[in-house]
Amino acid sequence: MSSPGNPAHPGHRPAPLPGSTERVRANSALVLAPHYDDEVLGAGGLVTQLTASGAVVRVLFLSDSGGAEGDTEARKAMSQRRRQEAKAASQVLAVAGIEHLEVPDGSLEHHLDQVADGIRKALMSQRPGLLLVPSPLEVSADHRATFAALHRVLGGLRRGDALWPLVRDLEILAYEINHPQNPDLLVDISGEVETLRQAMACYTSQQEQHDYLEASLGLARFRTLSLGPDVEAAEGYRRLSLDDFTTHGLSNLVARLGGQPSLLSVTEGPRISVIVRTKDRPELLAEALDSLAASTYGRADVIVVNDGGATPQLPADFPLPAQIVNLETNRGRAAAANAGIAAAQGDYITFLDDDDLVEPEHLATLAGLVGAAGVRVAYTDAAVGVYELSEDGWSCVERRLPYSRDFDPELLLFDNYIPFHTLLIERSLCQQTGPIDETLPFFEDWDFLIRLAKHAPFHHLARVTCEYRHFRGGGHHILGDQPRGRDDFLEMKARVLSKHALDENAAPDVTAQRVAQAIDRLRADQVIENEDVSRLRRELAGRRDEILKLADEVSQGEERYHQLNGELQGVRVNQQAIETSERRALADLREREADVLRQTQLIEELRRQQEQLKHDIDSQSKTLRQTYDEIERLNQLIRDMEASKAWRVHQWIQRRKA
């Protein structure tokens, strides 16, 4: 019984943001909107894309959105105004229809049954392929309550319920409005931003109070940080499936999504003694005790039965009363359980092996079940968590729900379908039933339940509140990794069967009748399983045809790719030649530009010289005109002189001298 190490509780570390966007496709979708405008702010881009592709999208508004303040008439008027705004916005988004639950605004958490009933009816009538719900990490209590109501609908859903076949393949996306979540899906809504603006323009009552649209677009822009520059806005979603709801309690699912669940402490109810069996597995025991320490139920005490191992240590700050019962030697599972029952003082008893876990609501849920009149034994469901060892330690790689069946005493005679730690048993019934059979190395719980069922019926709630853990290769489980491969597996089972088949208190005809009833029920279950298998095979065949078709398209696409690649290579060669020619032409152009520049400079110099020459010519012309004027003046003087008497006398004298 050595510990396999330290198997960690399922990790809640957020995964890296997607590096690309995806296109969401659906033929029909239902949007759960706590208030009028949440459908736009949280999922408006995706809704627009879906309606544009021809999908039938409907919106279920849960609250009356009248506000929490003001008198009755004011809230009623606001509700009517927002309802009309929602009608106008739905036309912008092109949704097929809207419905209204009209639960008082701000109080969805106090009307979860009503909200859950409304959601269930919508799923039944509309049968969507895609469901959009607010993230449980939201700041608004109404948003978180919407997620809780959906969990109330889907968490307890089992095969046989009328809703089961309608939602077993339902795709669920959690959207964000006023608090970022850890999305694993990003949707590019760059092309839908204008539509969002038009839709939110209808909600004037809200935009007058606060610019909710810009806040929403801010988150959408923030979501592009891990994307390429071509994406301007993106909506973030978290993918969920029906299995996520059926195999996790609400608080566990919220924690898995990265949130802090809101837990309500329960301080009233019957005293419950929790018997924890352990031997030399301190790491596992610490995890089991941690899960009990997180319990919302305060009226409980813990009895740790150490089956002959080293004395375990209880946490100093453990919030519940606790004690250790040490067995001197290893006496086995049954003896450890009997020792715990003997030490118990509670009104009711429950069990928890050190390698299993309970969720915070587990004890409170069981206490609520036994609070009903006449209920002395109650049980819930346990999800099986399969863990594998990796470099980072033990991690949960699979989570399923193989055990979920209402009480069937006939079937219990032939097979145990109730994990032991899902049960809460009135302590006096344990005394009536007698001690657990210590001669059985295993199946001791099954034998005990068969005997217990003779004293009281069991009340079952189909809801997961705890985890039955299996560590592959851990080597610590009492039945090992392959229980049916054990040599003594069938032998021990035969011992239990023969023990009760030979019960002197059971008449042979009654035993025969029980056998017939059990076989008939098992056969009915097998028919359902076969139908599911047939459906899955048909779906698989259809998927195979789709895969073959896609493979053919891929093959054709590859041929076309190679063809286009060859053409591309030719284009690249031509492009290189063109680029070379362009480079040469560019060089020639630059040379010509240089020549033009030089010629321009020469022309400018010639123009300058021409201007200077013109200036010189003008100057010389002026001087010449002045010279001509002076000559003309002198000639005139000469003519005047020659015409004078003195000049004639002078001329006569000169001739005489000659």
Side-chain angles (χ1 to χ4, degrees), residues 8-18 22 24 30-34 38 41-43 46 62 108-109 112 115-116 119 130-157 167 170-187 219-220 222-223 226 234-264 290-291 294 296 357-362 383 385-387 392 395-401 463-467:
H9 198 275
H12 307 312
R13 291 177 297 177
L17 284 172
E22 294 184 38
V24 177
L30 173 63
V31 184
L32 301 181
D38 289 336
L41 298 174
L46 175 56
L62 305 180
L108 295 189
E109 61 184 327
L112 282 184
V115 177
I119 293 174
L130 173 67
L131 180 66
L132 303 179
V133 61
S135 159
L137 278 62
E138 288 286 288
V139 173
S140 168
D142 278 352
H143 296 185
R144 298 194 304 271
T146 301
F147 188 90
L150 179 63
H151 188 277
R152 184 164 293 192
V153 175
L154 301 181
L157 201 59
V167 298
L170 180 65
E171 181 180 5
I172 304 169
L173 296 180
Y175 61 87
E176 54 191 6
I177 304 172
N178 55 31
H179 191 283
Q181 58 177 334
N182 302 318
D184 54 8
L185 168 65
L186 296 179
V187 176
L219 179 57
F222 168 73
R223 285 294 174 220
S226 62
E235 289 176 346
Y237 295 90
R238 185 63 179 263
R239 291 185 176 95
L240 294 167
S241 68
L242 178 60
D243 285 348
D244 290 316
F245 287 84
T246 58
T247 63
H248 293 87
L250 178 59
S251 63
N252 186 287
L253 183 55
V254 172
R256 176 176 173 269
L257 295 176
Q260 292 292 332
S262 299
L263 301 174
L264 179 64
D290 283 346
S291 72
T296 61
L357 303 172
V358 297
E359 297 191 5
E361 308 97 328
H362 176 65
V386 180
Y387 291 74
D392 298 326
S395 59
C396 188
V397 297
E398 182 183 352
R399 195 172 172 92
R400 46 193 171 83
L401 187 62
R463 192 169 300 278
V464 168
T465 63
C466 49
E467 181 178 353

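Remember, it's a predicted structure, so these values are computed and weren't measured experimentally. One-based numbering along the sequence shown.
- For the atom pair L112 CG and L250 CG, the distance stands at 9.0 Å (nearest 0.5 Å).
- H248 places no side-chain N or O within donor-acceptor distance of the main-chain N or O of R399, the cut-off being under 3.5 Å.
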side-chain contact (heavy atoms from CB on, under 4.5 Å) assessment of F147 paired with L32
CA-CA 9 Å; F147 188 90; L32 301 181; over 6 Å; no
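- Closest non-hydrogen pair, L157 versus V153, comes out as CB-O, 4.0 Å.
- Nearest heavy-atom pair, L257 versus N182, reported as atom, atom and distance to 0.1 Å: O-ND2, 3.2 Å.
- Distance CG/L30 to CG/L130: 9.0 Å, rounded to 0.5 Å.
- No side-chain heavy atom of V464 sits under 4.5 Å from any side-chain heavy atom of N252.
- Side chains of V24 and L185 form a contact here, defined as non-hydrogen atoms less than 4.5 Å apart.
- The NE2 atom of H151 sits 6.5 Å away from the CZ atom of R463 when rounded to the nearest 0.5 Å.
- Remark: the backbone N or O of Q181 is paired with a side-chain donor or acceptor of E176 at under 3.5 angstrom.
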Pair V386, R400 - check side-chain contact (heavy atoms from CB on, under 4.5 Å), show working.
CA-CA 8 Å; V386 180; R400 46 193 171 83; 4.0 Å; yes
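- The two residues T146 and P34 have their closest heavy-atom pair at OG1-CG, 3.3 Å.
- You'll find the side chain of L46 stays beyond 4.5 Å of the side chain of Y175, heavy atoms only.
- Taking CG of L41 as the start and CG of L219 as the end, the distance is 10.5 Å to the nearest 0.5 Å.
- Without hydrogens or angle criteria, R144 side chain to V139 main chain gives a donor-acceptor distance under 3.5 Å.
- Remark: side-chain polar atoms of S226 are paired, donor with acceptor, to backbone N or O of P18 under 3.5 angstrom.
- Between R239 and L173, some side-chain heavy-atom pair lies under the 4.5 Å cut-off.
- Summarising the geometry of D142 relative to L108, their closest heavy-atom pair is OD1-N, 3.2 Å, with the distance given to 0.1 Å.
- Nearest approach of A294 to L263, heavy atoms of both residues: O-CD1, 4.4 Å.
- Considering only heavy atoms from C-beta on, L240 comes within 4.5 Å of R256 through its side chain.
- Put simply, NE2 on H362 and OG on S291 are 9.0 Å apart, with the number rounded to the nearest 0.5 Å.
- A heavy-atom distance below 4.5 Å is not found between the side chains of V167 and F245.
- Using modelled atom types, one side-chain atom of E359 and one backbone atom of G249 make a donor-acceptor pair closer than 3.5 Å.
- For the atom pair I119 CD1 and L154 CG, the distance stands at 8.5 Å (nearest 0.5 Å).
- Counting only distance, with no hydrogens or angles, the side chain of N178 and the backbone of E138 share no donor-acceptor pair below 3.5 Å.
- Distance alone, capped at 3.5 Å, places no donor-acceptor pair between the R223 side chain and the L186 backbone.
- E361 has its side chain within reach of S251: a pair of non-hydrogen atoms, C-beta onward, lies under 4.5 Å apart.
- Remark: side-chain polar atoms of D244 are not paired, donor with acceptor, to backbone N or O of L253 under 3.5 angstrom.
- Pairing each heavy atom of G42 with each of I177, the nearest pair is CA-CG1, 3.8 Å.
- Inter-residue side-chain proximity for L264 and T296 is flagged as unmet; no heavy-atom pair is nearer than 4.5 Å.
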